Amino acid sequence: MQKEKDLNFNIPMHILLVMKELEKSSFEAYLVGGCVRDLLLGLTPKDWDIATNAQPKNIRHLFPDSVYENKFGTVGVKIRGEAVDNNKITTIVEITTYRIESKYSDKRHPDEVKFAKTLREDLSRRDFTINAIALKVVKNKEVEIVDLYSGQKDLKNKLIRAVGDANERFGEDALRIMRAIRFSVVFGFAIEEKTLSAIRKNAENLKHISPERIRDEFVKIILSPAPAKGIELLQEAGILKIILPEIENGINVMQSHHHYHGPYNTVYKHLVASLEKCPSKKLEVRLAAFLHDIGKPQAKRGEGENATFYNHEYIGERIAKNILERLKFSREITNKTTLLVRNHMFYYNVDEVGESGVRRVVQKIGLENISDLIDVRIADRLGSGVPKAVPYKLRHFQFMVEKVSHDPISVKQLKLNGNDLMSELGVEPGPKIGAILAVLLSQVIDDPTQNIKEKLIELAKELTKSKVEDLRKMAEEKIKAEQKKEEGLIKKKHKV
Ligand code: ATP
Ligand code: MG
């Protein structure tokens, strides 16, 4: 045991209170795991874990306001704000009884939870040395640190090292493999040699881990300061081919075109570089940067400079959807990411695409998604090795979007609505109303000066004579013609 004086840790009052309460009844109370690691790194812990030799029933007895007890024996205790500092907010503090984990026959969950008598045993079941440090508050600012696995030394040397036999530890719970890589990229630590070779050896065992648990670690890797490094570690350790085989498929697929410079010439390298350069901190944008060309291996026709990747954005949208659904991402994240993948080829050129063209892009993608799509484009460009992220063209596009952002791009913004069609022109309620409005919108997108009630009524008068199917065709054809034009331009410019 090691005593440290005057370590100015900011441990909240209510945590100190709970620990004191346990000690008053002659139980031990230690802070353990992530919070101790974060304190020693000078970071603010996200959550506070208290470990004790008190059994769950003792904890419940001491804290009658306990709210739950999970299957690992963690008891959630309710602490009322006024008990601490006259604050009205009630917080839940988790207290966990010392435990050891017995056999993991399915490599996924411990078969049973076994309580332990000593802190020593509890620390021995933790994953990494930096997560196996315990801390006790002796007096006000004096703490006692229990560090049986030299976690402080590893913190100093920036090393992720398994507690005990690395091979055994990853064999017990393969999620620790993902955690090792996550901590490595979140803190910028290296993975100690034996730990790394045990990771390689046990990578296959990740097949037994639930997609949700893998996803949670994957998300932390993607949102870390070094997501590309994380993907490379996953790849080198043989993990990527298990959790994201679709990305692995791009490893030997050459990009054809000259605008993918030297080191970015395979689909895989380009995607990793795009993730690295992604200017956004949003999960869905980073995912889209990483997945935007995921359709290329399948879409590729021909070889060398003449290879083409037609429709790779649509193939990619489908593959991205499969991946995100398999990893149980929320529908919101999945939809947003796939929208960005599908539209990442949007075309803009200063003199070629006018205001109506920009309005159609905005209509298709949604004004709220434009800046994220631009971020994907910036990632794509930088990930191709071009020096400038935001060329004049992209800035001009931003300017044009701003300019047209008040113009109508959805039927809601038309100065004529369904009720007007019924009252002024006697159109019967039914599908015809929507069809007429769709045609009117397509005309207003071409020319916003038409968005005046009287003009729209004039236009609608003509349209009421047409059948619903014909109206729909009219609106669709406008969109299709516009899409054809855009696709033609994309193909001409990019050979994709
Ligand atoms: P975070 O900052 O993400 O909360 P953490 O290290 O606190 O990181 P938690 O999942 O909150 O991670 O777990 C708390 C502690 O429990 C860890 O620090 C570690 O000691 C232990 N632990 C968590 N998961 C495992 C595991 N799969 N195997 C062994 N020990 C684990
Ligand atoms: Mg934690």
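Note that the structure is predicted; figures quoted are calculated from it, not measured. Whatever order the structure lists ligands and atoms in, that order sets their numbers, starting from 1.
Nearest-heavy-atom check against atom 1 (P) of ligand 1 across K46, E94, E217 picks out K46.
At least one donor-acceptor pair closer than 3.5 Å links the side chain of N53 to the backbone N or O of E28.
If you number the atoms of ligand 1 from 1 as listed, the ones under 4.0 Å from a heavy atom of R182 come out as 1 (P), 3 (O), 8 (O). Which parts of ligand 1 touch K220 is read off a 4.0 Å heavy-atom cut-off, strictly below it: atoms 3 (O). Listed by atom number, the atoms of ligand 1 under 4.0 Å from R125 heavy atoms are 29 (C), 30 (N). Set against the non-hydrogen atoms of D49, the atoms of ligand 1 under 4.0 Å away are 14 (C). Atom numbering of ligand 1 starts at 1 in the shown order; those under 4.0 Å from a heavy atom of R176 are 26 (C), 27 (N), 28 (N), 29 (C).
Atom CE of M178 sits about 12.0 Å away from atom CG of D173, to the nearest 0.5 Å.
With sequence neighbours left out, the ring-ring contact (aromatic ring centres under 6.0 Å, His included) criterion links Y149 to no other residue. Remark: F189 pairs with F187 by the ring-ring contact (aromatic ring centres under 6.0 Å, His included) rule, at least two apart or across chains. Scored by the ring-ring contact (aromatic ring centres under 6.0 Å, His included) test, H396 finds Y348, Y392, F399 as partners (sequence neighbours excluded).
Taking the charged nitrogens against the carboxylate oxygens, K158 and D154 have no contact shorter than 4.0 Å, which rules out a salt bridge. Using a 4.0 Å cut-off between a side-chain N of Lys or Arg and a carboxylate O of Asp or Glu, E212 and R215 do not qualify as a salt bridge. A salt bridge does not link K117 to E121: none of the charged side-chain nitrogens sits closer than 4.0 Å to a carboxylate oxygen. A salt bridge links E21 to K24: at least one charged side-chain nitrogen sits closer than 4.0 Å to a carboxylate oxygen.
Between R169 and ligand 1 there is no heavy-atom distance shorter than 4.0 Å. Ligand 1 is approached by R179 to a heavy-atom distance shorter than 4.0 Å.
Excluding waters, the protein N/O/S atoms found under 2.8 Å from the Mg ion (ligand 2) are D47 OD1.
If you look at V32 next to ligand 1, there are no close heavy atoms at all, none under 4.0 Å. By the criterion of a heavy-atom distance under 4.0 Å, the side chain of F183, and not its backbone, is placed next to ligand 1. The proximity of D173 to ligand 1, defined as any non-hydrogen pair under 4.0 Å, is limited to the side chain.
Ligand 1 has no nitrogen or oxygen under 3.5 angstrom from a nitrogen or oxygen of D38. Some N or O of R126 is nearer than 3.5 Å to an N or O of ligand 1, by distance alone.
In the displayed structure, E193 atom CD is contacted under 6.0 Å by at most 12 heavy atoms of other residues, nucleotides or ligands.
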Give the intermediate values and the outcome of salt bridge (charged side-chain N to carboxylate O under 4.0 Å, His left out) for residues D372 and K336. CA-CA 10 Å; D372 290 337; K336 178 71 182 273; 2.6 Å; yes
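Judged by the 6.0 Å and 45° rule, R179 forms no cation-pi pair with F128.
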